[in-house]
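Take a look at the structure below.
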Amino acid sequence: MSSQNVRVRFAPSPTGGLHLGGVRTALFNYLFAKKHHGSFVLRIEDTDQTRFVPGAEQYIIDCLNWCGIAPDEDPHRPGNYGPYRQSERKEMYRAYAEQLVEKGYAYYAFDTPEELEKMREQFKSEKNPSPQYNHETRLKMSNSLSLSKEEVEKKLSTNQAFVIRIKMPEHGEIHLHDMIRGDVSFQANLVDDKVLLKADGMPTYHLAVVVDDHSMEITHAFRGEEWLPSAPVHVLLWEYFGWKEKMPKWAHFPLILKPDGQGKLSKRDGDRLGFPVFAMDWLDPKSGEMTKGFKEMGFLPNAFINMLALLGWNDGTGKEIFTKEELIQQFTIERIHKGGAKFDFEKAKWYNQEWIKSSDNELLLPLIKNILHNNGIDADSKILNKVIPITKERCHLLNDFVAQLKYFFIDPTEIDVDAVKPKWDENKSSFFHTLIQEMNNIPNWTAEEVEKCFKETATKLQFKPGDVQLPFRIMLVGGKFGPAVFEISSIIGKNSTIRRIQQGIDLFNK
RNA sequence: GGCCCGUUGGUCAAUCGGUUAAGACGCCUCCCUUUCACGGAGGAAUGAGGGGUUCGAUUCCCCUACGGGCUACCA
């Protein structure tokens, strides 16, 4: 295979927020394309007009952009294979479907939804709870196989609604080579006569995916495992159209599962367990409901894709932190797992923390500044530059910076009184009074000077510095956390330090 | 029910017939630190079950069990 012309596609339907699993599918496509110097295309599968959600398409593109895996070709940046929305390709599908009917590989079916329902009721049994439209039942239904030529002509000429169904063979096996799973085979007669063209003239996924992958010259078709059962239909279609030689190589990715219980991870699980499932905030235009995204939750895009890539894939060395470039370099479809993986938000946060720790100030500063601003704190960049490096190892999420940084800019609003009060007495009170006086005499307000002053005062009043250091920290910070106290004191300055000590004394004396 | 896919610690997972069955997250202990974290050192914890094949199976095959997906004019 020539590496030059690799073309892969991510083909979501614009029906709502972009799910983790969707992003990972997009990511694997992207990595594969980039590794082989090929093209990554975004195709919008909007053939179900009843499920169309305005804004969802742009949202998907926004998500991919945020992740840093923007497509090379999409509806806004078309290449030579447009249109990139299936709704705009509508005309071509009918001709292909008709072509199949002519060749005898498909047929017209006139059954109404009610009739289909009736059939399913009628043939339903304990042994067969969901009867199919297949070689066993199709002659009992209303279609161009069961009806006379005249009847069919009449229905067609009177514009009676119809669909086109594939006529699955009654014998033989259909083989498929999956890059992850190897050979997979299906009994042809066990697959039903799937609808190819719907009554509204739109194709179903089955027709569209084959026609479009062919006309867009897709070389590798990657999708979630949920598509495996219908893969034989697609393989057959490639054959029936006479395109078998150009059929893309397949790979079906394992599913991302719920952390607890079992089943596919859904948006509901995120709501229930308190973590995001969508890449970015999604505002449903119909319900007005807002669903949290990884971005807004405080994830770095590189951490997000790193985490996703390692959910079901690894390079075999035990390495876990990868830049996007490293992922592109190391990625192979064959090393993707076969089994589904339960999503673990704790591990996801660990990835983010690793990325925060190793990210440069230039990258972090604008993001943090913005988050602080949204929390009512307008932080000075000069101070932020000093303070981010000494607090970032404490943050799993970008939003954690609010708590870790707040006290550098404003006096603490919540003070952990309980950590001090039990051991607070007259002597400590007077120590801090003295400390204020001594501090007033410090000419150069540096961490070293503050520390020296603090310890000398403590010794002078016969305190072990450690006994008064915790109250000092709590006065400045509000709680038992943060970098070295004297460092903090030096950064917030003499005035703020003294003010907070005074406030602390007042509070603890109460 | 049928079809398809899967199954190594709580979770993510390495191993491509021979290992004391890696590593990571989480958890626990200790060290560093008179805060929290980072860092460091330890610890508990894994091959679903049964048959084969083989000198030797986590690894290959079969069966069972379990889990998941699909079974729409949705993708």
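Chain naming here is simple, since letters A, B, ... match the order of the sequence lines and numbering starts at 1 in each. Small disclaimer: the values here were computed from a predicted structure and weren't measured.
Using atom C1' as the reference point in both G6(B) and A37(B), the two lie 40 Å apart (nearest Å). A distance of about 8 Å separates the C1' atoms of U58(B) and U15(B), rounded to the whole Å. Comparing A44(B) with C38(B), their C1' atoms sit 24 Å apart, to the nearest whole Å. Across U8(B) and G67(B), the matching C1' atoms stand 15 Å from one another, rounded to whole Å. Comparing G9(B) with G69(B), their C1' atoms sit 26 Å apart, to the nearest whole Å. Straight-line distance between the P atoms of C3(B) and A72(B): roughly 16 Å, to the nearest whole Å. Taking atom C1' on both G49(B) and A65(B), the two are 7 Å apart, rounded to the nearest angstrom.
The residue Arg473(A) sits close to a base: some heavy atom pair falls under 4.0 Å. At a threshold of 4.0 angstrom between heavy atoms, the contacts of Ala484(A) include nucleobase atoms, whether or not backbone atoms are also involved. Residue-level contact check: Ser13(A) touches the backbone only, with heavy atoms under 4.0 Å from sugar-phosphate atoms and none from bases. Base contact: Pro483(A) has a heavy atom under 4.0 Å from a base atom. Residue-level contact check: Lys319(A) touches neither bases nor backbone, having no heavy atom under 4.0 Å from any strand. Residue contacts for Gln353(A): at a heavy-atom cut-off of 4.0 Å it reaches the sugar-phosphate backbone alone, with no base atom in range. Across all strands shown, Gly263(A) has heavy atoms under 4.0 Å from sugar-phosphate atoms exclusively, and none from any base. Within 4.0 Å (heavy atoms only), Pro254(A) reaches no atom of the nucleic acid at all. The residue Pro232(A) sits apart from the nucleic acid: no heavy atom pair falls under 4.0 Å. Contact annotation for Val184(A): backbone-only contact, meaning every heavy-atom pair under 4.0 Å involves sugar-phosphate atoms and none involves a base. When heavy atoms are screened at a 4.0 angstrom cut-off, Arg120(A) is found touching the sugar-phosphate backbone but no base atom.
Of the candidates Gln469(A), Arg473(A), Glu448(A), Phe486(A) forms a side-chain contact (heavy atoms from CB on, under 4.5 Å) with just one, namely Gln469(A).
A donor-acceptor contact closer than 3.5 angstrom links the side chains of Asp269(A) and Ser266(A).
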Worksheet entry | Nucleotide-resolved protein contact map, nucleotides 7-15 of chain B, B/S/- at heavy-atom distance under 4.0 Å | ----SSSSS
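Atom-to-atom, CZ of Phe322(A) to P of A24(B) comes out at 15 Å; the value is rounded to the nearest Å. Spacing between atom CG of Asn134(A) and atom P of C3(B) amounts to 14 Å, rounded to whole angstrom units.
Within the 4.0 Å cut-off from OP1 or OP2 of C3(B), not a single side-chain nitrogen or oxygen of Gln132(A) is found.
Residues of residues 191-203 of chain A that place a heavy atom closer than 4.0 Å to RNA chain B, in numerical order, are Val195(A), Lys198(A), Ala199(A), Pro203(A). For the segment residues 42-51 of chain A, residues with any heavy atom less than 4.0 angstrom from an atom of RNA chain B are, sorted by number, Glu45(A), Thr47(A), Asp48(A), Arg51(A). Scanning residues 385-408 of chain A for heavy-atom distances under 4.0 Å to RNA chain B yields Glu393(A), Arg394(A).
Relative to the ring axis of Trp350(A), Lys347(A) places its NZ or CZ within 45° and under 6.0 Å from the centre. Figure legend: Lys155(A) and Phe110(A) shown as a cation-pi pair, the cationic atom lying under 6.0 angstrom from the six-membered ring centre and within 45 degrees of its axis. The side-chain tip of Arg394(A) does not point at the ring of Phe481(A) from less than 6.0 angstrom away and within 45° of straight on. With Phe454(A) as the aromatic partner, Lys452(A) does not meet the cation-pi criteria of under 6.0 angstrom to the ring centre and within 45 degrees of the ring axis.
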Discussion item. Pairs counted only when both distances fall under 3.5 Å, Watson-Crick or G-U: show me the 5' to 3' dot-bracket for RNA chain B, [ ] for pseudoknotted crossings and | for other-strand partners.
Written reply: (((((((..(((.....[....))).(((((.......)))))....(((((..]....))))))))))))....
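For Asn29(A) (side chain) and Phe10(A) (main-chain N/O), no donor-acceptor pair under 3.5 Å exists by modelled atom type. With hydrogens and angles disregarded, a donor-acceptor distance shorter than 3.5 Å links the side chain of Ser146(A) to the backbone of Met141(A).
Taking the six-membered ring wherever Trp is involved, the centroid distance between the rings of Trp424(A) and Phe432(A) falls below 6.0 Å.
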Report all interatomic pairs (protein N or O, nucleotide N or O of nucleotides 39-44 of chain B) with separations under 3.5 Å.
residue : atom : partner   : partner atom : Å
G39(B)  : OP1  : Lys357(A) : NZ           : 3.0

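From Asp411(A), atom CG reaches atom CZ of Arg500(A) across 4.5 Å, with rounding to the nearest 0.5 Å.
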